[in-house]
Trainee: 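Pasting in a structure now, in C-alpha cells, and then I'll have a few things to ask.
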Amino acid sequence: MKVLKFGGTSVGSVDSIKTVISILEENLSKGERITVVFSAMGGVTNRLIEIGKMAAAGNTEYVEFLKGVEERHFAVVRGLIPVKNQSSTFAAVRGLFNELEDILRGVSWIRELSERTLDLIMSFGERLSTLVITEILKSKGVAAEFCDARQVIRTNASYGMGDVNFEVTNHLILEHFAKSPALQCVTGFIASTAEGVTTTLGRGGSDYTASILGAALEADSIEIWTDVDGMMTADPRKVANAFTIPSISYAEAMELSHFGAKVIYPPSLQPAFAKNITLKVLNTFNTDFEGTYVQKSANGKEYVITGISSIDEIALVNIQGSGMIGVAGISGRLFTALSNNAISVILISQASSEHSICFSIDPKNAQKAIDVLEKEFATEIGLGHIDGISVEKNLSIVAIVGEGMKKNTGISGKLFSALGKNGINVVATAQGSSELNISVVISKSDLSKALNAIHGVFFQSETRSLNLFIVGVGLIGSTLIEQIRNQTQYLREEKLLNLNIAGLSNTKKMLLDPDGIKPENWRDRVMDEGVKTSLPAFVQRMIELNLPNSVFVDCTSDKDIVQYYHMLLDASISVVTPNKVANSGSYSEYIALQRTALQRGVKFLYETNVGAGLPIINTIQGLMASGDKFLKIEAILSGTLSYIFNNFGGDKRFVDVVKEAKAKGFTEPDPRDDLSGADVGRKILILSREVGVPLEPEEVKISQILPANCLAAPTVDAFFGELEISNAYFADMQAAAEAKGEKLRYIATLENGKATIELKTVDASHPFYTLSGSDNIVSFTTERYKDRPLVIKGPGAGAEVTASGVFADIMSISSYLG
Ligand SMILES: NC(=O)C1=CN([C@@H]2O[C@H](COP(=O)(O)OP(=O)(O)OC[C@H]3O[C@@H](n4cnc5c(N)ncnc54)[C@H](O)[C@@H]3O)[C@@H](O)[C@H]2O)C=CC1
Ligand SMILES: N[C@@H](CC=O)C(=O)O
Ligand code: NA
C-alpha cells in the first residue's frame with residue numbers, strides 16, 4: 001500500500017494534471033494499492049487568502065479574482081473530461097463556488113476575517129482540485145472516490161495550524177478505508193474539529209495529510225510528487241552546482257528543513273518517520289528521475305556531509321558580563337524569558353569562559369527579545385554584572401548537515417578553511433554533540449559565496465569553479481583566453497575544474513557576468529553587451545558580486561592599477577599578473593602587497609614578471625623558503641634584446657629586427673621600455689626583492705645600448721624613425737663583437753646588494769653565449785648552489801609562453817582553494 005501526494009505545481013495546469021493521471025494509471029496497472037492526496041492548484045491558496053482579505057476590506061474587486069480561480073478549474077474540466085461527462089462536474093464546481101461566494105459576501109458585510117473563516121475559505125482550494133481530479137479519473141473508468149479529509153482528520157480548534165488528535169484520526173481513517181474499496185482521492189491540508197468546524201494543518205499541510213494517512217494505514221511508502229528532482233545538496237537558486245541527494249536519513253532531512261528551497265517540511269512527516277515508512281521525493285515533471293529516498297538510515301553515502309542548509313536572515317543577540325561567570329541559572333532564566341514570550345531560538349553559542357551567551361533569532365523578534373531580557377536582567381544590569389544586551393542584524397546561518405560527520409575528523413577544519421580562504425568572517429558557530437550539524441553565522445552579504453565555497457569543498461567529485469576576472473585583452477590576455485578555451489574540456493573532465501570567466505575588460509568596454517563569458521564568443525559579447533570601461537567600477541562590481549574563488553587577472557601594462565590590487569586582496573580576492581608595474585614601484589609598495597595577501601590568506605602571483613613562463617620566481621621563493629642564501633644572480637632577462645642580438649647582423653638592419661621582435665609579441669606594449677633597459681631594470685629589481693635585497697628603482701644601474709637620439713624619441717613611431725637612421729651605430733657595435741668571435745649580451749647582475757645592467761660581449765666559453773630566439777637565462781649562485789650555479793634557460797617572451805605562465809599561476813590558486 002502506497003500513499004502518493006501531489007503538490008500545487010503538479011496539479012497546477014491541464015498538462016501537469018495529465019502527467020499526474022498517467023502516474024496514477026501506471027500504478028494501478030501494476031496492481032498497486034494506492035491512496036492519493038492533492039494540494040490546491042498552484043497559487044490558489046495564496047489567491048484565496050488575498051481574496052478573503054480583500055472582501056474583509058470591502059474591496060469588491062475580489063469578485064473578479066474569484067472568477068479567475070473558477071476559470072482555472074473550469075479549464076481543467078474542459079481540457080480533461082470528455083464533453084458528455086462535463087456538465088455534472090461543472091455543476092459540482094459551481095456549487096462549491098456558490099458556497100464560497102456566500103461566505104465571502106458574509107466576510108465583506110461584517111468586514112471581518114477571523115482565522116476560523118480563513119481556514120474555511122482556504123479549504124476550497126483542496127476541495128476543488130481534488131473534486132475535479134477525482135471526476136477526471138472516474139471519466140477514465142477508474143473506481144475513484146472523493147474523500148474530504150475533514151471527515152477523517154480531527155484537530156483541536158487552533159485555526160491556521162490545527163493540532164491533530166491522532167487517536168480519533170487514526171480510528172476514523174481505518175474505519176473509512178475499511179468501508180471504501182475505491183481509490184481514495186483525499187484533500188490535502190484540511191481537517192475539522194469534533195464539532196465539524198473546518199481547520200487547516202499549517203506549514204507542510206498536504207505532506208502532513210499524506211504522512212498522517214500513511215502512518216494510520218501502515219503504508220509501505222509515501223511518495224511526495226513535487227516540481228524539483230528531490231532534495232538537493234543546497235538551495236539550487238544559490239548554488240548552481242547543487243545536485244539531488246539520492247538517500248537521506250530522517251534525522252538529516254529534519255536538519256536540512258531550514259532550506260531556502262523547501263521541498264518537503266520534515267516536521268510534518270514525523271508520523272511517517274515514527275512508523276519507519278520510506279519516503280520518496282519525486283518530480284512530476286521528470287518522472288524517470290530517481291528522486292530522493294528518505295529513510296530511517298540513509299544508505300550508500302558518497303560524501304561526508306549530506307547537504308548544506310541555510311537561513312537567509314537572522315539576528316544575533318549577545319548578552320555578556322563578568323557577573324555571568326560561574327553563576328548558575330542565568331541561561332535558564334534567559335531562555336525561559338524568551339520562551340514565555342514565544343521567541344524561538346535558532347542557534348545558541350556560549351564560550352566556556354561563560355562571559356557571554358549569544359543566540360540567533362528571527363530578526364522580527366529582535367526588539368522584543370531585547371525588551372524581554374532587559375526586563376528579566378534589570379537588576380544584574382543595574383549592578384553592572386551584565387554589561388548589556390546587543391543585537392546584530394543582516395546575518396545568515398549556514399549549516400553543514402550529515403550523519404557522516406560523526407566521529408569523522410577534519411570536517412569542521414575543512415568548513416572553516418573554505419570560509420577563511422574566501423575571506424568570510426565567522427561571527428558565531430555551534431555544533432551539537434549529535435555531530436549532525438555544524439552551523440556558522442556569517443554576514444548576509446557573504447551567504448551565496450559561502451554556500452558555493454562550502455559546496456565546492458565538500459562535494460569534491462563535482463566540478464569546482466574558479467571565477468576569473470580578466471582585465472587587458474591584448475596579446476597575453478587574448479592568448480590566455482584561447483588557452484583556457486582549449487583546456488576547458490580537459491580541466492573539467494580530468495581536474496573537475498571549471499574556469500568561469502566572470503568578467504572581461506579592454507580599454508573600451510567591460511562586461512561582468514557571473515554566469516560566465518564563453519571563451520568561444522567573448523569578443524562579440526564584450527562588444528555587444530559591454531559597457532564603457534571603468535576600472536574602479538569593474539573592481540567595485542567584482543567585490544559586490546562576491547563570488548567564491550574569485551581571481552583578478554591583470555594582463556595590462558597599466559601603471560595605476562596597483563591601487564586596485566590592494567582593494568582586491570583586501571576583499572580576499574587573489575591577483576595573478578604578468579604586469580611588472582606593481583612589483584617594481586617603491587619597495588614599500590611591494591612589501592605592502594605581499595603583506596596584504598598574506599594577511600587575507602589569498603594569493604598574489606606574478607611568475608611571468610620575470611622570464612615569462614620560465615619558473616624563475618617560484619624557484620627563488622622555494623629556495624628562500626627552504627633557507628638558501630643568494631650570493632649572486634647573473635641573467636639575461638629581455639626576450640626582446642636576446643632576440644635582437646641573436647638575429648641582427650649580415651643583411652638585417654637593427655630596426656628590422658626590432659620590428660620582428662615586436663611582431664612576434666616579445667616586446668612590451670611600448671618597445672622603448674625594452675630597448676631603454678627599463679624592462680630589464682624592473683626585472684632585476686623584482687629578483688633582488690625576491691632574494692631579500694630591498695632595492696628602490698633608482699638604485700638599479702642601467703647602462704644604455706641606445707644612442708641619445710633614440711632615447712629622446714617622443715613617440716613609438718619617432719623611435720622607429722631614429723632607429724632607422726642609427727643603423728650604423730648598431731652595426732658597428734655588432735661588427736666589433738663578431739671580430740672578436742664574441743656575442744653581444746645585455747646582462748643583469750645582482751651581487752653584494754647592487755644591481756647593474758650592462759651590454760657585454762661574451763666568448764664561446766661563456767654559458768650565455770649559446771642562446772637563440774627570445775631565450776632568457778638566469779644563473780643563481782647560492783650557498784647551496786655555490787660551485788655550480790643553478791641555471792634556468794628558455795624562451796623568456798612571447799604570447800604562448802607568457803599566457804601559459806599566467807595560466808599556471810591560476811591553476812596553482814585552484815589547488816590552493818581545494
Ligand atoms: N609579451 C610578453 O612576452 C610578455 C608580456 N608581459 C606583460 O604582460 C602585459 C601585457 O602584455 P601584452 O599582452 O604583450 O600587451 P598588449 O599591449 O598586447 O596588451 C595589453 C592590453 O591591455 C589593455 N589595457 C591597458 N590598460 C588597460 C586598462 N586600464 N583596462 C583595460 N585594458 C587595459 C591595452 O589596451 C592592451 O589591449 C604587460 O604588462 C607586459 O609587460 C609579461 C611577460 C611577457
Ligand atoms: N618585453 C619583455 C617581455 C617579457 O617580460 C621581454 O622582451 O622580455
Ligand atoms: Na617566470
Side-chain angles (χ1 to χ4, degrees), residues 469-481 503-511 523 526 530 532-539 552-564 576-584 605-621 635-646 658 660-684 686-687 690 716 746 748 773-778 792-809:
F469 294 83
I470 305 174
V471 173
V473 273
L475 183 67
I476 306 301
S478 61
T479 309
L480 173 67
I481 297 174
L504 275 180
S505 173
N506 59 33
T507 36
K508 296 197 179 67
K509 285 195 162 178
M510 62 177 197
L511 175 67
R523 279 180 217 276
V526 172
K532 193 171 177 300
T533 290
S534 150
L535 199 49
F538 188 93
V539 169
F552 180 77
V553 187
D554 167 22
C555 290
T556 72
S557 53
D558 192 314
K559 301 214 166 14
D560 302 318
I561 210 162
V562 54
Q563 51 177 313
Y564 300 106
V576 169
T577 187
N579 184 352
K580 293 146 223 167
V581 172
N583 283 324
S584 55
L605 300 180
Y606 44 84
E607 175 55 77
T608 47
N609 273 192
V610 182
L614 296 177
I616 294 172
I617 305 226
N618 281 320
T619 304
I620 294 181
Q621 290 181 345
I636 287 178
L637 297 173
S638 169
T640 300
L641 290 175
S642 189
Y643 181 82
I644 292 170
F645 294 133
N646 290 333
V658 177
E660 268 177 41
K662 185 169 179 350
K664 285 180 182 292
F666 300 152
T667 64
E668 289 304 291
D670 182 341
R672 289 176 296 177
D673 286 347
D674 298 289
L675 282 108
S676 68
D679 182 66
V680 178
R682 291 194 292 220
K683 288 169 177 166
I684 192 68
I686 294 170
L687 294 189
E690 290 293 316
V716 175
Y746 197 49
S774 69
D775 278 358
N776 279 18
I777 185 163
V778 201
I792 299 167
K793 175 180 153 184
E800 291 294 341
V801 294
T802 308
S804 84
V806 175
F807 203 157
D809 276 349

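Just so you know, ligand 1 is whichever comes first in the structure, and atom 1 is the first atom listed for that ligand.
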Trainee: With a cut-off of 4.0 Å, which atoms of ligand 2 are near a heavy atom of Gly796?
Mentor: 4 (C), 8 (O)
Trainee: Taking distance alone, with no angle check, do Pro669 and ligand 1 share an N/O pair under 3.5 Å?
Mentor: no
Trainee: Which protein heavy atom lies closest to atom 11 (O) of ligand 1, and at what distance to 0.1 Å?
Mentor: Ile476 CG1, 3.6 Å
Trainee: Decide whether the shortest distance between a heavy atom of Gly665 and an atom of ligand 1 is less than 4.0 Å.
Mentor: yes
Trainee: Determine yes or no for a side-chain-to-main-chain donor-acceptor pair under 3.5 angstrom, with Ser774 supplying the side chain and Gly639 the backbone.
Mentor: no
Trainee: Quick one: look up the protein heavy atom nearest atom 40 (C) of ligand 1 and list residue, atom name and how far away it is.
Mentor: Glu668 OE1, 3.5 Å
Trainee: With a 4.0 Å heavy-atom cut-off (strictly under), which part of Asn609 contacts ligand 2: side chain, backbone, both or neither?
Mentor: neither
Trainee: Starting from atom 8 (O) of ligand 2, find the nearest protein heavy-atom neighbour and note its residue, name and distance.
Mentor: Gly639 N, 2.7 Å
Trainee: For ligand 1, which atoms have a heavy atom of Ala797 less than 4.0 angstrom away?
Mentor: 3 (O)
Trainee: State the atoms of ligand 2, each with its element, that fall below the 4.0 Å cut-off from a heavy-atom position in Lys580.
Mentor: 4 (C), 5 (O)
Trainee: Could you check atom 22 (O) of ligand 1 against the protein and tell me its nearest heavy-atom contact, residue, atom and distance included?
Mentor: Gly472 CA, 3.5 Å
Trainee: Counting non-hydrogen protein atoms only, what is the nearest one to atom 38 (C) of ligand 1? Give residue, atom name and distance.
Mentor: Thr556 O, 3.4 Å
Trainee: In the protein, which heavy atom is nearest to atom 10 (C) of ligand 1, and how far is it?
Mentor: Cys555 O, 3.2 Å
Trainee: Quick one: look up the protein heavy atom nearest atom 30 (N) of ligand 1 and list residue, atom name and how far away it is.
Mentor: Val471 CG1, 3.6 Å
Trainee: Do the non-hydrogen side-chain atoms of Ile561 and Leu535 ever get within less than 4.5 Å of each other?
Mentor: yes
Trainee: Side chain, backbone, both or neither: which part of Asp674 has a heavy atom under 4.0 Å from ligand 2?
Mentor: side chain
Trainee: Provide, to 0.1 Å, the distance between atom 35 (O) of ligand 1 and the closest protein heavy atom, together with that atom's residue and name.
Mentor: Thr507 CG2, 3.4 Å
Trainee: Tell me the contacting part of Val581 for ligand 1: side chain, backbone, both, or neither, using a 4.0 Å heavy-atom threshold, strictly below.
Mentor: neither
Trainee: Take the Na ion (ligand 3) as the vertex and measure to O of Glu607 and O of Leu614; round to 10°.
Mentor: 140°
Trainee: Do Leu637 and Leu687 have side chains that approach each other closer than 4.5 Å (heavy atoms only, starting at C-beta)?
Mentor: yes
Trainee: Heavy-atom distances under 4.0 Å are what count here, so tell me which part of Met510 touches ligand 1: side chain, backbone, both or neither.
Mentor: neither
Trainee: Do any heavy atoms of Ser638 fall under 4.0 Å from ligand 2?
Mentor: yes
Trainee: Note the single closest protein heavy atom to atom 4 (C) of ligand 2, along with its residue, its atom name and the distance in Å.
Mentor: Lys683 NZ, 3.4 Å
Trainee: Applying a 4.0 Å heavy-atom criterion (strictly less than), which segment of Leu637 is in contact with ligand 2: side chain, backbone, both, or neither?
Mentor: backbone
Trainee: Quick one: does any side-chain atom of Asn579 pair with a main-chain N or O of Asp558 as donor and acceptor, under 3.5 Å?
Mentor: yes
Trainee: Quick one: nearest non-hydrogen protein atom to atom 7 (C) of ligand 1, plus distance?
Mentor: Pro578 O, 3.6 Å
Trainee: Checking only N/O/S atoms, does Gly805 have one that is under 3.0 Å from the Na ion (ligand 3)?
Mentor: no
Trainee: Measure Leu475 to ligand 1 on non-hydrogen atoms and call it side chain, backbone, both or neither using the 4.0 Å cut-off.
Mentor: both
Trainee: Is the closest N or O pair between Ala797 and ligand 2 shorter than 3.5 Å?
Mentor: no
Trainee: Indicate yes or no: at least one non-hydrogen side-chain atom of Glu690 is less than 4.5 angstrom from one of Tyr606.
Mentor: yes
Trainee: Counting heavy atoms only, which of Asp670, Leu641, Thr640 comes nearest to atom 7 (O) of ligand 2?
Mentor: Thr640
Trainee: What atoms in ligand 2 come closer than 4.0 Å to a heavy atom of Phe666?
Mentor: 1 (N), 2 (C), 3 (C), 6 (C), 7 (O)
